[in-house]
> 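For reference, the structure I am asking about is given below.
Reckoned from all heavy atoms, side chains included, excluding hydrogens, waters and symmetry mates. By convention in this document, chain letters (A, B, ...) are assigned in the order of the sequence lines, proteins followed by strands, and residues within each chain are numbered from 1.
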There are 2 protein chains.
Amino acid sequence: MQLSEAKQQFISAWGGFGSNWGINRTMAQIHALLLISPSPISAETVMAELNISRGNANMNLRELINWGLVERVMLMGERREFFSAEKDIWTVARTIVKERKRRELEPMLKLLDTLAVVESGENPADEKAFVDTIANIKKFSQHANSSLDTLIKADEHWFFSTLLKLLK
Amino acid sequence: MQLSEAKQQFISAWGGFGSNWGINRTMAQIHALLLISPSPISAETVMAELNISRGNANMNLRELINWGLVERVMLMGERREFFSAEKDIWTVARTIVKERKRRELEPMLKLLDTLAVVESGENPADEKAFVDTIANIKKFSQHANSSLDTLIKADEHWFFSTLLKLLK
DNA sequence: TTAAACTTTCAAAATATATTGAAATAAAAA
DNA sequence: TTTTTATTTCAATATATTTTGAAAGTTTAA
């Protein structure tokens, strides 16, 4: 396969992958493009490679920076900004886990706490099902939360090798 | 807090949670409604509780059944169908992991295999960055794939207690 | 300064996704 | 059978999200 074709396929697959995970297609495609670029690239290049507008490129690059997946790079002698992505996928994964934990899991835990205290009313069966479900989800989320905390801190080699040994 | 208000908040939060994960809001809300129902409920009830149309209810219930999260239940003496959701969140999580692995991770692994073989061309730096990235993602995905396989088979108590002991 | 190069913003337009509701289909009862 | 009840489908509509591009804002150099 030609490199250019392989690149195209990868960018497209990574975009599709992203949209399954609540990340917009273009943002994931820009990320893919940066992942396979040996050196930082400019907004112009992103626009040209993906055929998108300046505004779109700017907005999604900013969002990638917010997520901590991409950083601005100033190249010597160059006036404009360049962008570069973290290449190590384990680091990428940890960054994403960390962000999603903060944005989603933690608010959910907070909500579950407030929902756990329900006034006793006329409908004991409904009440029991509700309280039980909330308690169940809460317990699970707390487990997940602390597991993810450790995963974030862990080193890839240690984590996977120990986990796999354990799970085999 | 009143039960009815707590229910509303939970359904709404679960819906929001879902849309962050590529699952449509209504589908997640129906799932939430079923999670907190002590007994199976009819499509009519789903429509009334969530204020959605018959077609919408039907379509999303079917999708939940496809995911293996909800099942049809025939109640004695009742003509219409009722629906009921798996209540144990650990089981729910495993079901989702299993489905997403099949739908997303496995196709990605297949693609990475085909992308690994790139013809040697005029651009060695681009080529190296590409091949390295693909290899890196592939290795990571394979690890994730086998870890998830085992997680799917594991029992909650064993999994969390062993994992936590390990990670602490 | 002023001009040029570059970045950001945001309302409008385009696109994608979800929802409705009425008609078609299917299944059970009379 | 025919009638009644329930389910499914799907084109049309509504809603939400993404994208554009031109104008405004910034920064650097002349």
> Please give the remaining members of the hydrophobic cluster of Met59(A), linking ILVMFWY side chains under 4.5 Å, ordered by chain and number.
none

> May I have the distance from Glu44(B) (atom CD) to dT8(D) (atom P), rounded to whole angstrom?
13 Å

> Decide whether Met47(A) and Ile41(A) are clustered together by the hydrophobic rule: side chain heavy atoms of Ile, Leu, Val, Met, Phe, Trp, Tyr closer than 4.5 Å, transitively.
no

> Strictly by ring pair (Phe, Tyr, Trp, His ring centres under 6.0 Å), give each pair with a member in residues 85-139 of chain A just once, sequence neighbours left out.
Trp90(A)-Phe159(A), Trp90(A)-Phe160(A)

> Tell me whether Lys101(B) at atom NZ has more than 12 heavy atoms from other residues, nucleotides or ligands lying less than 6.0 Å away.
yes

> Backbone N or O of Pro40(B) within a donor-acceptor pair of the Ser37(B) side chain at under 3.5 Å?
no

> Of all of residues 54-85 of chain B, which get a heavy atom below 4.0 angstrom from DNA chain D, listed by number?
Arg54(B), Gly55(B), Asn58(B), Arg62(B), Arg72(B), Arg79(B), Arg80(B), Glu81(B)

> Could you tell me how far apart Asn24(A) (CG) and dA16(D) (P) are, to the nearest whole angstrom?
18 Å

> Output every pair passing ring pair (Phe, Tyr, Trp, His ring centres under 6.0 Å) with a member in residues 32-84 of chain B, not counting sequence neighbours, ordered by first then second residue.
none

> Any salt bridge (Lys or Arg N to Asp or Glu O under 4.0 Å) involving residues 52-64 of chain A? Give me the pairs, sequence neighbours left out, ordered by first then second residue.
Glu44(A)-Arg54(A)

> Is there a donor-acceptor pair closer than 3.5 Å between any side-chain N or O of Thr91(B) and the backbone N or O of Lys87(B)?
no

> What are the 5'-most and 3'-most nucleotides of DNA chain C lying under 4.0 Å from any heavy atom of chain B?
dA18(C) to dA29(C)

